[in-house]
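What follows is one structure encoded as structure tokens, with my remarks underneath.
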Amino acid sequence: MSNDIKVLPLIPLRGIIIFPYMVMHFDVGREKSILALEDAMINKQEIFLAAQMEAKIEEPDEDGIYSMGTICTIKQMLKLPGDTVRVLVEGKKRAKINVYVEKEPFMKVEIEEIEDNKSSDENKQTALTRLVSESFDSYMKLSSAVPSDVPISLEDIDDDLGRFADTICSYLIVKQEKKQEILEAVDTTKRLEIILEVLRSEIEILEVEKEIGNKVREKIDKGQKDYYLREQIKVMQEELGEDDDDKKEQKKYKNKISRAKLPKDVKAKALHELNKLKNAGSFSSEGGVIRSYLDWILDLPWNVKTEDHIDIKKSRDILNDEHYGIEEVKNRIIEYLAVKEMSNSIKGPILCLVGPPGVGKTSIAKSIAHAINRNFVRMSLGGVSDEADIRGHRKTYVGAIPGRIIYSMKQAKSTNPLFLLDEIDKMGEGYKGDPAAALLEVLDSEQNFSFRDHYLELDYDLSDVMFVTTANTLETIPTPLLDRMEIIEVSGYTSEEKFNIAKKYLVPKELKEHSIDSKKIVFTDNSINCIIDNYTRESGVRNLERKIAAIIRKAIAEMLEKNKETITITATITKKYLGNDMYTYDKVDGEDKVGVVTGMAWTGYGGDTLPVEVAVMPGSGKLSITGQLGDVMKESAEAGFSYVRTNANKYKINEKFYKEKDVHIHVPEGAVPKDGPSAGVTMITAMVSALSNRKVKHNVAMTGEITLTGRVLPIGGLKEKSLAAYRAGIDTIIIPKQNEKDLRKIPKSVTNKVNFVLAEKVDDVIKNALVGEDNNGNKTS
Ligand code: ADP
């Protein structure tokens with residue numbers, strides 16, 4: 001079959017390929033091309049369009065133009081501004097240039113129309129058509145370039161494979177070379193194969209593009225979404241009138257700030273934060289942080305000050321009114337206040353009240369505040385182990401608040417309160433910063449005018465604060481802190497003192513707190529003594545106070561239930577109300593024994609008796625020590641053992657005992673930790689007693705450190721120890737001679753009844769503790 005031959009004007013196309021059945025427009029600017037167009041318009045409006053190989057070339061020659069092109073009809077021509085013409089063409093048929101007939105003034109070519117070469121393998125063609133169709137479907141879904149009505153027009157033509165392929169091709173956005181390859185594929189199967197390949201690779205590319213696009217979009221979307229939501233909230237707030245609330249709130253803060261008479265830098269900071277609040281939006285978490293910060297600044301006292309009234313006479317009256325006894329403590333406090341009054345300044349050492357719990361340290365501090373007309377605030381240092389407890393956390397921490405110092409200043413409501421730092425001895429070792437160092441800064445009058453809290457980020461002046469501290473023991477207070485303090489010891493009470501405190505202070509106080517007239521519930525003296533002796537075991541009066549409160553509550557209940565007007569609390573009623581949960585004091589044995597000696601111990605919680613037992617058995621000179629003893633106490637036992645060995649002869653002990661006997665020292669009550677050197681004399685006495693088989697007087701207790709040469713050294717806590725021994729029924733207490741000066745601190749009620757023996761050497765102890773004769777009939781040394 002011979003193909004039709006035609007001569008048609010040629011326009012070389014730049015960057016585009018036109019397929020048969022394709023309708024498209026393009027702009028023509030080159031003079032030669034416009035001439036070709038005009039020629040075509042005169043002759044049947046037919047033109048041959050073939051792509052030039054290099055789009056950039058202005059005047060391609062025949063080598064630069066593909067020979068396969070498309071015969072088109074010109075549908076429309078539109079003159080655009082300038083010399084450009086927009087043409088709408090419709091592709092008609094493939095054709096190939098045979099020869100260039102003319103090159104000037106425009107190109108004219110002789111072309112040969114090309115028919116599609118249809119394959120005979122129908123199955124292959126059907127399969128291909130389907131695949132191409134499916135792929136095109138996916139392509140279409142992925143690509144936004146394809147109009148949605150295409151598939152319908154495709155269905156109409158899929159019996160003409162060449163046309164089907166060409167139509168799809170006209171929608172593909174692929175490189176020019178590829179399109180040219182498709183154009184040149186005269187064989188329809190081949191054409192479809194190339195299209196399929198192109199579609200598949202395009203789909204892949206589009207999928208990757210889509211994935212990337214999604215990611216990018218997600219990012220952009222999030223920003224847009226946030227913006228959008230925020231705008232929505234604003235609109236909603238406006239609708240609800242909440243925007244007004246915001247403004248009202250800001251105004252409220254502004255008023256508060258200007259009324260608060262803040263120092264200049266504090267005010268500037270507050271206004272700065274208020275400004276931030278305006279921008280943060282009321283629902284944002286930042287808004288919340290700023291609001292609570294502003295509240296803190298506004299709630300803190302910056303310039304509220306109470307006026308001091310230091311009147312020594314009045315102060316003494318107040319101290320006396322609120323506390324029984326403790327004359328020495330009161331005197332020391334009055335002296336301290338007198339110095340302050342004279343110097344007209346509260347600067348100087350810081351008071352530290354030391355003593356067991358419940359002896360009134362806190363309430364004395366309250367009385368001082370009362371006496372000099374200052375607000376009172378208390379902060380416990382028990383367990384503080386982190387600098388942040390004192391100085392706070394930075395605002396950037398979630399839920400940060402100021403440290404305890406600033407927290408307490410807020411409660412104090414004035415810049416010059418009496419600030420009680422309770423349990424300064426219980427402050428933990430810092431593992432995060434050093435709380436003791438921070439505290440030192442708080443207490444140092446040279447530095448504390450500009451105390452810096454991490455949360456507040458502002459200097460706070462603590463220089464007008466009067467600090468008072470309390471501790472149970474001085475041993476665990478860091479030395480630099482101790483150096484700054486004036487120590488006042490508040491020791492435990494005797495039963496008589498407790499009785500008076502209860503009768504004159506605690507009972508009236510508790511009755512008042514329960515709003516009961518003092519005539520309605522009357523405590524007999526016996527009832528008070530019953531509580532002290534049977535229901536409390538303490539140096540102070542804290543439990544005593546609690547038990548009194550418990551009795552009052554039970555009495556009120558009984559009065560209401562049984563319609564009673566008054567109740568008199570007797571010892572029997574006390575036992576009925578408080579139950580059988582009684583303490584029994586370790587009353588010492590009424591019998592003299594070998595190897596059992598009563599020692600005396602002292603802890604932060606008060607004094608106690610501490611029995612020491614020694615057993616001697618056949619063996620090889622081993623010394624064992626049991627009963628949860630600390631290192632110092634163990635060493636003290638070993639020193640005692642050595643002393644006994646060197647002085648065995650003196651005490652009529654077989655000198656070979658250390659070869660033939662084992663000695664076991666035991667200090668019972670394993671749950672109580674015991675340490676310190678003051679049980680030295682007790683352990684020696686018990687060893688001498690056991691080794692020489694001489695009995696120990698049951699009514700004797702002792703305390704004292706020893707040296708290897710047998711000297712008796714002084715000990716601490718004599719008052720607490722003596723009170724405990726007295727309570728336990730002891731009537732002779734052996735103490736180191738060097739502690740003689742401390743005897744005046746011991747209440748008369750004890751010294752009147754107890755015989756204090758002063759010992760310089762171990763010999764003095766043995767002489768007074770062991771019974772005169774041993775079991776073997778030997779005379780007392
Ligand atoms: P501390 O601070 O030493 O642990 P507190 O000050 O809490 O002890 O005292 C416990 C209770 O005992 C308080 O109610 C206190 O008023 C009272 N108290 C302690 N000592 C006396 C005293 N000498 N006179 C009157 N009440 C006292």
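Fair warning: this is a prediction, and the values are worked out from it, not measured in the lab. Each ligand, and each atom within it, is numbered from 1 in the order the structure gives.
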For this session: Assess Lys366 for proximity to ligand 1: is some non-hydrogen atom of it under 4.0 Å away?
Result: no
Problem set entry | Ring geometry between Tyr407 and Trp296 (parallel below 30°, tilted from 30 to 60°, perpendicular above 60°) | tilted
Problem set entry | side-chain contact (heavy atoms from CB on, under 4.5 Å) assessment of Val465 paired with Ser463 | CA-CA 6 Å; Val465 175; Ser463 62; over 6 Å; no
Exercise. When you measure from atom 13 (C) of ligand 1 to every protein heavy atom, which one gives the shortest distance, and what is it?
Worked result: Glu545 OE1, 3.5 Å
Exercise. How about Thr469 and Leu353: do any of their side-chain heavy atoms sit closer than 4.5 Å?
Worked result: no
Exercise. Under a 4.0 Å N-O cut-off, is there an ion pair linking Asp459 with Arg452?
Worked result: yes
Seminar exercise, completed: Atoms of ligand 1 under 4.0 Å from any heavy atom of Pro357, numbered from 1 in the order shown, are 4 (O)
Exercise. What about Tyr324: any of its N or O atoms under 3.5 Å from an N or O on ligand 1?
Worked result: yes
For this session: Measure the distance from atom 14 (O) of ligand 1 to every protein heavy atom, then report the residue, atom name and distance (to 0.1 Å) of the closest one.
Result: Lys509 NZ, 2.5 Å
Problem set entry | Interfacing atoms of ligand 1 (cut-off 4.0 Å, heavy-atom, Val359) | 3 (O), 8 (O), 19 (C), 20 (N)
Exercise. Under 4.5 Å between any side-chain heavy atoms of Leu420 and Lys366, yes or no?
Worked result: no
Seminar exercise, completed: If you scan protein heavy atoms around atom 21 (C) of ligand 1, the nearest is Tyr493 OH, 3.7 Å
Exercise. Counting heavy atoms only, which of Thr362, Asn543, Thr470, Asp422 is nearest atom 2 (O) of ligand 1?
Worked result: Thr362
Seminar exercise, completed: heavy-atom search around atom 19 (C) of ligand 1 in the protein gives Gly360 CA, 3.3 Å
Exercise. Do Phe419 and Phe467 have ring centres separated by under 6.0 Å?
Worked result: yes
Problem set entry | Aromatic ring proximity, centroids under 6.0 angstrom, Tyr493 and Tyr324 | no
Problem set entry | Location of contacts on Ile501 toward ligand 1, heavy atoms closer than 4.0 Å | side chain
Seminar exercise, completed: re atom 18 (N) of ligand 1, the protein heavy-atom contact at minimum distance is Val541 CG2, 3.7 Å
Problem set entry | Flag for Thr415-Asp464: side-chain donor and acceptor within less than 3.5 Å | no
Seminar exercise, completed: Of all protein heavy atoms, the one nearest atom 3 (O) of ligand 1 is Lys361 NZ, 2.7 Å
For this session: May I ask you to check whether over 12 heavy atoms, not counting those of Glu475, lie within 6.0 Å of atom CD?
Result: no
For this session: Run the contact test for Gly540 against ligand 1 with a 4.0 Å cut-off on heavy atoms, strictly below, and give the result.
Result: no
For this session: Report the part of Glu322 in contact with ligand 1, treating N, CA, C, O as backbone and CB onward as side chain, heavy atoms under 4.0 Å; options are side chain, backbone, both, neither.
Result: backbone
Problem set entry | Per-atom contacts, ligand 1 versus His323 - under 4.0 Å to a heavy atom | 21 (C), 22 (C), 24 (N), 25 (C)
Exercise. What's the shortest distance from atom 15 (C) of ligand 1 to any protein heavy atom, and which residue and atom give it?
Worked result: Ser363 OG, 3.4 Å
Problem set entry | Side-chain donor-acceptor pair present, Lys721, Thr703, cut-off under 3.5 Å | yes
Exercise. Looking at Asp742 and Lys719, does any basic side-chain N land under 4.0 Å from a carboxylate oxygen?
Worked result: no
Problem set entry | For atom 4 (O) of ligand 1, closest protein heavy-atom neighbour | Arg542 NH2, 2.2 Å
